[in-house]
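What follows is one structure encoded as structure tokens, with my remarks underneath.
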Amino acid sequence: MGQSLPLVLLTKPLVFGPSNLTSKVKDLELKGHTDSVDQLCWDPKHSDLVATASGDKSVRLWDARSGKCTQQAELSGENINITYRPDGTHIAVGNRDDELTILDVRKFNKSLYKRKFSYEVNEIAWNMSGDLFFLTTGLGTVEVLSYPLEKMQNDLKPVDTLTAHTAGCYCIAIDPKGRYFAVGSADSLVSLWDMSDMLCLRTFTKLDSPVRTISFNHSGEYIASASEDLFIDIANVQTGRTVHQIPCRAAMNSVEWNPKYNLLAYAGDDKSAKYYGDEGVFRIFGFDSS
């Protein structure tokens with residue numbers, strides 16, 4: 001039986017400020033996954049479509065307007081990471097066995113690329129032009145690879161290796177304006193990097209636990225980050241200061257801003273007895289600006 005996956009959809013975009021803390025929201029139930037949703041991402045070209053990676057070994061594409069699953073692919077392992085190429089044509093998925101799979105959304109049941117790594121591979125991302133592919137690793141590095149695949153070798157060609165943190169790198173996010181990328185680590189820090197020269201600019205330090213997930217909003221003005229701490233931190237990218245925190249009742253696995261609006265989708269480990277039946281839940285959060 002498929003689990004229920006509530007989406008909380010907002011009628012107006014998210015606005016930060018003390019006078020804008022009312023939350024008029026409506027729920028939309030999405031059913032399908034039979035295990036936890038470990039990560040989700042919005043289609044960069046269609047703001048009503050969202051993709052989810054689950055421990056049930058499936059990847060699903062959803063229409064947030066109708067609440068229906070539009071496409072589904074069955075992969076070989078428990079999926080924990082998922083990302084779209086910025087042109088919306090390809091999806092990359094990582095699983096617990098450090099295997100990377102790349103799918104074409106137009107031929108969703110057939111893999112374009114599959115590779116198993118000999119070291120821990122965590123979150124993955126393309127840059128905004130889609131010609132670089134980033135892998136975060138348990139070695140504290142970020143591997144930068146060229147894309148598309150090398151035609152002769154059908155593989156991703158190494159470009160650079162960045163020593164980003166003193167502990168394992170768990171997650172990565174790309175600024176939609178193409179200026180920066182951010183890396184979240186087991187050392188509880190989020191680092192901000194310049195995309196052009198690959199240098200670290202600053203760190204965000206509000207979280208106390210290993211950083212599980214980070215995301216830039218559509219304008220690149222804000223960055224959301226989350227961990228086992230029971231809140232999602234939203235900070236100003238330029239100043240590094242927190243502008244809002246969303247309380248959570250469980251550790252978060254994934255946060256993801258909508259590519260067009262200030263709406264933040266998030267999914268976590270709601271498996272306690274108090275919230276029985278919430279396994280496989282993801283939500284979309286925002287405030288009514290009126």
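Positions are given from 1 along the sequence. Just so we're clear, the structure is a prediction, and the values are computed from it rather than from any experiment. Just the heavy atoms: all of them, side chains too, but no hydrogens, waters or symmetry mates, feed the values below.
- Residue S219 comes nearest to R179 through the heavy atom pair O-NH2, 3.8 Å, listed as atom of the first residue, atom of the second, then distance.
- In this structure, M252 and R212 have side chains that are not in contact, with every pair of non-hydrogen atoms separated by 4.5 Å or more.
- The backbone N or O of S215 sits less than 3.5 Å from a side-chain atom of W257, completing a donor-acceptor pair.
- The closest side-chain heavy-atom distance from S47 to W42 is not below 4.5 Å.
- In this structure, CD1 on I80 lies 7.5 Å from CG on D98, to the nearest 0.5 angstrom.
- Side-chain contact check for Y147 versus L145: every heavy-atom pair is 4.5 Å or farther apart.
- Pairing each heavy atom of E143 with each of T141, the nearest pair is OE2-OG1, 3.4 Å.
- Closest of all the heavy-atom pairs between S227 and P210 is CB-O, 3.0 Å.
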For this session: Please test R106 against D104 for salt bridge (charged side-chain N to carboxylate O under 4.0 Å, His left out), starting from the C-alpha separation and ending with a verdict.
Result: CA-CA 5 Å; R106 297 158 294 190; D104 188 326; 2.9 Å; yes
Problem set entry | I234/I246 under side chain to side chain contact (heavy atoms under 4.5 Å, CB included): CA gap, chis, key distance, verdict | CA-CA 8 Å; I234 300 175; I246 302 170; 4.0 Å; yes
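- The backbone N or O of S58 sits less than 3.5 Å from a side-chain atom of N79, completing a donor-acceptor pair.
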For this session: Show your working on side chain to side chain donor-acceptor pair (under 3.5 Å) between T52 and W62 and close with a plain yes or no.
Result: CA-CA 8 Å; T52 54; W62 304 83; 2.8 Å; yes
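- Within the 3.5 Å criterion, the main-chain N or O of N262 finds no donor-acceptor partner in the side chain of N258.
- With S185 contributing its side chain and D187 its backbone, the two residues share a donor-acceptor pair below 3.5 Å.
- Taken together through direct or relayed side-chain contacts under 4.5 Å among Ile, Leu, Val, Met, Phe, Trp and Tyr, Y170 and L189 form parts of separate hydrophobic clusters.
- Nearest heavy-atom pair, T213 versus C171, reported as atom, atom and distance to 0.1 Å: N-SG, 3.5 Å.
- Think of L61 as one node in a network of Ile, Leu, Val, Met, Phe, Trp and Tyr side chains linked at under 4.5 Å; its network also takes in V59, L75, I82, Y84, I91, V93, L103, V105, F108.
- Going from atom OG of S54 over to atom CG of D38 covers 6.5 Å, rounded to the nearest 0.5 Å.
- For the pair K45 and P86, the tightest heavy-atom approach, listed with the atom from each and the gap, is CE-O, 3.5 Å.
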For this session: Give the C-alpha distance, both sets of side-chain angles, the deciding distance and a yes or no for salt bridge (charged side-chain N to carboxylate O under 4.0 Å, His left out) between K68 and D63.
Result: CA-CA 6 Å; K68 294 181 179 180; D63 187 328; over 6 Å; no
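- Here K177 does not pair with D175 in a salt bridge; the nearest charged N to carboxylate O distance is not below 4.0 Å.
- If you check the side chains of S209 and D229, you find a donor sitting under 3.5 Å from an acceptor.
- Separation of atoms CG (D56) and OG1 (T34) is listed at 4.0 Å; rounding is to 0.5 Å.
- A continuous path of hydrophobic side-chain contacts links V159 to M128 [ILVMFWY only; heavy atoms under 4.5 Å].
- Not counting sequence neighbours, the partners of M195 by the side-chain contact (heavy atoms from CB on, under 4.5 Å) test are N127, F134, I174, F181, M198.
- In terms of heavy atoms, A226 sits closest to V255 at CB-CG1, 4.1 Å.
- Residues L135 and V142 are not in side-chain contact: their nearest non-hydrogen atoms beyond the backbone lie 4.5 Å or more apart.
- For R85 and D87, the salt-bridge test passes: some basic side-chain N is under 4.0 Å from an acidic carboxylate O.
- Here the CG atom belonging to L162 is positioned 9.0 Å from the SG atom belonging to C169, to the nearest 0.5 angstrom.
- Under the 4.5 Å side-chain criterion, counting only non-hydrogen atoms from C-beta, F133 is in contact with L100.
- W126 pairs by the side chain to side chain donor-acceptor pair (under 3.5 Å) definition with nothing, not counting sequence neighbours.
- In this structure the side chain of I232 never reaches within 4.5 angstrom of the side chain of Q245, judged on heavy atoms.
- Looking at heavy atoms from C-beta onward, T136 lies in side-chain contact with E123 at the 4.5 angstrom threshold.
- To the nearest 0.5 Å, atoms NE2 (H244) and CG (L264) are separated by 10.0 Å.
- Looking only at side-chain heavy atoms (C-beta outward), K260 and H218 stay at 4.5 Å or farther from each other.
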Atom pairs and distances, side-chain donor-acceptor, residues 110-120, under 3.5 Å, sequence neighbours left out:
residue, atom, partner, partner atom, Å
Y113, OH, D155, OD1, 2.5
K116, NZ, D97, O, 2.5
E120, OE2, N122, ND2, 2.9

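- For K57 and E74, the salt-bridge test fails: no basic side-chain N is under 4.0 Å from an acidic carboxylate O.
- As a member of the Ile/Leu/Val/Met/Phe/Trp/Tyr network built from side-chain separations under 4.5 Å, Y180 groups with V190, L192, L201, F204, L207, V211, I214, F216, I223, F231, V237.
- Rounding to the nearest 0.5 Å places CG of D194 at 10.5 Å from CZ of R202.
- Here L199 is tied to no hydrophobic group at all, with no ILVMFWY side chain closer than 4.5 Å.
- Between the side chains of D233 and T242, at least one donor-acceptor pair of N or O atoms lies under 3.5 Å.
- In the model, E256 has no side-chain atom that pairs as donor or acceptor with a side-chain atom of Q39 under 3.5 Å.
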